[in-house]
*Asks:* 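There's a structure below that I have some questions on.
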Amino acid sequence: MSVPNYTPRCEGPVTRRRLFDAMRLQKVDWAGGLDEVEFLKRIFDLDALESYDPRFSTAEGDIFQHRFNNLDWDDDWVFTDQRFGLSWLCR
């Protein structure tokens, strides 16, 4: 059995925007069963990323403070946070 030759492609901006909007409207839990910090730590070195909050030295402290303690970031914050480079999904 041969594996078909598959080349991934990036969908156009309209399709990406529709997918992103659908995820937001349906409140898709982008971190799955993990909390957001644990999920992101599997992909990114959060200790190497800067904090946007001067009270913390790394992204991990920043995220924990604003997503778990203050609850003042939107649920889809990760898609527009420049540290993770996912903003292209929203355009």
Side-chain angles (χ1 to χ4, degrees):
M1 176 187 270
S2 66
V3 177
N5 185 11
Y6 175 73
T7 304
R9 63 187 174 95
C10 185
E11 298 298 333
V14 172
T15 302
R16 283 195 309 266
R17 185 72 214 176
R18 286 180 181 161
L19 288 170
F20 178 72
D21 288 346
M23 288 176 61
R24 282 186 27 210
L25 291 171
Q26 294 178 18
K27 299 190 182 293
V28 171
D29 184 4
W30 56 264
L34 300 173
D35 74 48
E36 294 171 8
V37 170
E38 289 303 314
F39 178 83
L40 290 170
K41 283 170 75 170
R42 291 176 178 220
I43 305 168
F44 300 97
D45 181 0
L46 297 182
D47 290 329
L49 297 174
E50 68 177 320
S51 172
Y52 292 155
D53 185 324
R55 297 174 291 176
F56 305 99
S57 58
T58 68
E60 182 173 352
D62 194 13
I63 296 163
F64 193 84
Q65 180 66 32
H66 292 279
R67 288 296 294 156
F68 299 103
N69 294 335
N70 296 359
L71 302 172
D72 60 354
W73 284 359
D74 293 333
D75 290 340
D76 58 357
W77 67 271
V78 72
F79 297 111
T80 55
D81 190 310
Q82 296 300 311
R83 294 174 287 196
F84 304 107
L86 300 174
S87 61
W88 63 270
L89 290 170
C90 308
R91 288 185 255 175

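Just so you know, these numbers use all the heavy atoms, side chains as well, and skip hydrogens, waters and symmetry mates.
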*Asks:* Supply the atom-to-atom distance D62 CG to Y52 OH, rounded to the nearest 0.5 angstrom.
*Replies:*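 Interatomic distance, D62 CG to Y52 OH, rounded to 0.5 Å: 8.5 Å.
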*Asks:* Given the rule that I, L, V, M, F, W and Y join up when any side-chain heavy atoms are under 4.5 Å apart, are F56 and L46 in one cluster?
*Replies:*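 Unlinked, F56 and L46 end up in two clusters.
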*Asks:* Answer whether the closest heavy-atom distance between the side chains of D35 and F64 falls below 4.5 Å.
*Replies:*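 No - every pair of side-chain heavy atoms lies 4.5 Å or more apart.
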*Asks:* Parallel, tilted or perpendicular: which fits the ring planes of W30 and W77, with parallel below 30° and perpendicular above 60°?
*Replies:*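 Ring orientation, 0 to 90° scale: perpendicular.
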*Asks:* Do L40 and V78 pass the side-chain contact (heavy atoms from CB on, under 4.5 Å) test, and can you show the C-alpha distance, the side-chain angles, and the key distance before you say yes or no?
*Replies:* CA-CA 9 Å; L40 290 170; V78 72; 4.0 Å; yes
*Asks:* Can you tell me how far NZ of K41 sits from CG of D47, rounded to the nearest 0.5 angstrom?
*Replies:*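 If we round to the nearest 0.5 Å, D47:CG and K41:NZ are 7.0 Å apart.
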*Asks:* Can you list the residues that meet the salt bridge (Lys or Arg N to Asp or Glu O under 4.0 Å) rule with R55, with sequence neighbours excluded?
*Replies:*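 R55 satisfies salt bridge (Lys or Arg N to Asp or Glu O under 4.0 Å) with D53 once adjacent residues are dropped.
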*Asks:* Report the distance from atom CD1 of I63 to atom CG of D81, rounding to the nearest 0.5 Å.
*Replies:*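 One gets 7.0 Å once the value is rounded to the nearest 0.5 Å.
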*Asks:* If I take atom CD from residue Q65 and atom CG from residue L71, how far apart are they, to the nearest 0.5 angstrom?
*Replies:*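 Rounded to the nearest 0.5 Å, the CD-CG separation comes to 10.0 Å.
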*Asks:* Looking at D75, D74, D76, which hits salt bridge (charged side-chain N to carboxylate O under 4.0 Å, His left out) with R24?
*Replies:*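 For R24, the salt bridge (charged side-chain N to carboxylate O under 4.0 Å, His left out) check succeeds only for D76.
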*Asks:* Please round to the nearest 0.5 Å and tell me the distance separating atom CD of Q82 and atom CG of L49.
*Replies:*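 So the gap between those two atoms works out to 12.5 Å.
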*Asks:* Between atom CZ of F79 and atom CE of M23, what is the distance when rounded to the nearest 0.5 Å?
*Replies:*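 Between atom CZ of F79 and atom CE of M23 there are 3.5 Å.
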*Asks:* Determine whether a donor-acceptor pair (N or O, by modelled atom type, separation under 3.5 Å) exists between the side chain of R67 and the backbone of W73.
*Replies:*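 The answer is yes, because a donor-acceptor pair under 3.5 Å joins these two groups.
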*Asks:* Ignoring hydrogens and geometry, is there a side-chain-to-backbone donor-acceptor pair from R83 to A59 under 3.5 Å?
*Replies:*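 It does not hold such a pair.
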